[in-house]
Amino acid sequence: MTVYNFSAGPAILPKPVLEQAQNELLNYRGSEMSVMELSHRSSLYDNIIKEAEALLREVMEIPDNYHVLFLQGGASLQFSMVPLNLAVGKKVLFVNTGAWAKKAIAAAKNVAGVEVEVIASSEDKNFSYIPEINPEMIDQDAAYLHITTNETIGGIAFKELPTTGKVPIVADMSSNILSNDYKVEDFGVIYAGAQKNIGPAGLTIVIIRDDLLNAEPVFAPMLDYRVQAENESMYNTPATYSIYIAKLVFEWLKNLGGQAEMYRLNQLKAKILYDKIEASPLFKSPVSKENRSITNIPFITGDSDLDKLFCIQAEAAGFKNIKGHRSVGGMRASIYNAFPIEGVEALVDFMTQFELENGNGAK
């Protein structure tokens with residue numbers, strides 16, 4: 001039986017990457033050591049982390065005036081680290097689009113000296129759309145505007161960025177980094193947990209514009225972007241193996257055709273599933289059509305018992321981790337970069353069979 005992993009994260013990795021890691025597991029480039037055993041100060045590992053940064057800069061077209069940091073603590077640490085570095089004594093603006101935005105807002109409120117203002121929210125409709133953001137809503141004295149470019153749970157995404165004037169945009173891009181057509185220069189800071197499109201859990205990518213590095217030291221050096229940048233992400237021992245896998249993923253992505261080709265493929269995968277949902281007499285999307293994510297796609301029948309039956313039968317058929325988040329219900333297909341188009345096609349076939357066996361009632 002073929003297994004397709006729809007997990008929202010940690011998520012599927014490219015098979016060629018896993019095979020290369022397997023081949024190099026015990027003996028990395030003739031060292032007779034695993035990457036997991038290499039000193040992070042060794043020349044072998046220095047090449048790995050430098051290659052990883054160079055590849056990421058290439059595939060994302062990161063300008064020279066941005067630092068690339070390989071950090072730890074997940075995106076959740078960045079909820080506090082960003083305001084601590086950029087906004088003490090200042091106001092920060094937020095768009096509340098779902099569970100992850102809410103967590104970022106709560107964390108910022110706990111940072112002393114930071115004023116938090118939520119300028120727009122879609123909570124009124126269970127985060128099923130992206131709220132409108134007008135330029136006049138942006139206080140030009142604010143330190144930054146924070147957005148979550150893709151809400152993993154709710155399945156909504158920013159297709160267009162708000163116009164913010166001189167206020168930089170800070171983006172939690174954990175679930176759609178490297179899978180879209182965003183331009184790095186449109187952001188002041190991008191951060192992302194690795195475990196969806198980049199590599200194993202334990203690594204966080206931060207891309208930060210030079211002028212946003214804090215001038216005053218942060219009380220904890222590990223939480224200071226300037227310290228991390230000056231030490232080239234090795235103030236302490238980094239997540240060495242996760243960075244190595246990330247490097248392999250960046251190589252895979254480059255060989256595939258880069259971010260533009262990945263975006264095209266992701267749009268195609270999403271279209272196959274959304275077309276099925278739109279044509280289905282049984283399944284429907286709980287998300288506004290204009291704001292639908294191409295990486296996390298929730299769908300429901302409208303009958304909780306039928307949703308449960310679908311999840312049970314799908315799991316038995318090899319469609320793993322298809323159950324939706326409890327706040328949305330139903331099902332959720334997370335089809336990140338490494339997820340094969342064959343898996344989406346197989347899911348659509350399974351949905352059609354389920355319709356035949358469980359009635360074609362109107363939506």
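The structure presented is a predicted model; accordingly, all values stated were derived computationally and were not measured.
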Under 3.5 Å: donor-acceptor pair, side chain of E37, backbone of S34: yes

Judged by modelled atom types alone, do S175 and N150 share a side-chain donor-acceptor pair under 3.5 Å? yes

Classify the side-chain pair K269/N266 by whether it contains a donor and acceptor separated by less than 3.5 Å. yes

Is it true that atom NZ of K320 has more than 12 heavy atoms of other residues, nucleotides or ligands lying nearer than 6.0 Å? yes

Is a side-chain donor-acceptor pair under 3.5 Å present for T352 with K276? yes

Does any pair with a residue in residues 239-260 pass salt bridge (charged side-chain N to carboxylate O under 4.0 Å, His left out), and if so which ones, sequence neighbours excluded? E51-K247, E58-K254, K247-E251

With a 4.0 Å cut-off, would you call D211 and R209 a salt bridge? yes

For D139, the salt bridge (charged side-chain N to carboxylate O under 4.0 Å, His left out) test, sequence neighbours excluded, returns K91

Does a donor on one side chain sit under 3.5 Å from an acceptor on the other, for Y244 and E24? yes

Say whether V206 and M60 are linked into one hydrophobic cluster, either directly or through other cluster members, by side-chain heavy-atom distances under 4.5 angstrom. no

Just by distance, with hydrogens left out, do Q228 and S233 show a side-chain donor and acceptor under 3.5 Å apart? no

Just say parallel, tilted or perpendicular for the rings of F339 and Y4, cut-offs at 30° and 60°. tilted

Can you confirm whether the side chains of Y336 and N296 place a donor and an acceptor under 3.5 Å from each other? yes

Mind running side-chain contact (heavy atoms from CB on, under 4.5 Å) on M351 and L273 for me, showing each step along the way? CA-CA 10 Å; M351 292 166 69; L273 184 48; 3.7 Å; yes

Between E355 and S280, do the side chains contain a donor N or O and an acceptor N or O under 3.5 Å apart? yes

Do N126 side-chain atoms and S128 backbone N/O form a donor-acceptor pair below 3.5 Å? no

May I ask you to test the T204-L77 pair for a side-chain heavy-atom distance under 4.5 Å? no

Within the structure provided, determine whether L213 and H67 are in side-chain contact (heavy-atom separation under 4.5 Å). yes

Which label fits Y191 and H146: parallel for a plane angle under 30°, tilted from 30 to 60°, or perpendicular past 60°? tilted

May I ask you to say whether K159 pairs ionically with E290, meaning some side-chain N is under 4.0 Å from a carboxylate O? no

Less than 4.0 Å between a side-chain N and a carboxylate O, is that true for E123 and K102? yes

Just checking N23: does its CG atom have more than 12 heavy atoms from other residues, nucleotides or ligands closer to it than 6.0 angstrom? yes

Heavy atoms from other residues, nucleotides or ligands near CD of E185 exceed 12 (cutoff 6.0 Å): yes

Residue R41 excluded, over 12 heavy atoms near CZ under 6.0 Å: yes

Using only heavy-atom distances, determine whether the side chains of D307 and T301 contain a donor-acceptor pair under 3.5 Å. yes

For W252, is the CH2 atom crowded, meaning more than 12 foreign heavy atoms sit under 6.0 Å from it? yes

Could you check whether Y274 and E278, counting side-chain N and O atoms only, form a donor-acceptor pair closer than 3.5 Å? no

Specify whether F310 and F350 have parallel, tilted or perpendicular ring planes, treating 30° as the upper limit for parallel and 60° as the lower limit for perpendicular. perpendicular

Do N197 and N176 pair up side chain to side chain, a donor and an acceptor below 3.5 Å, judged on atom types alone? no

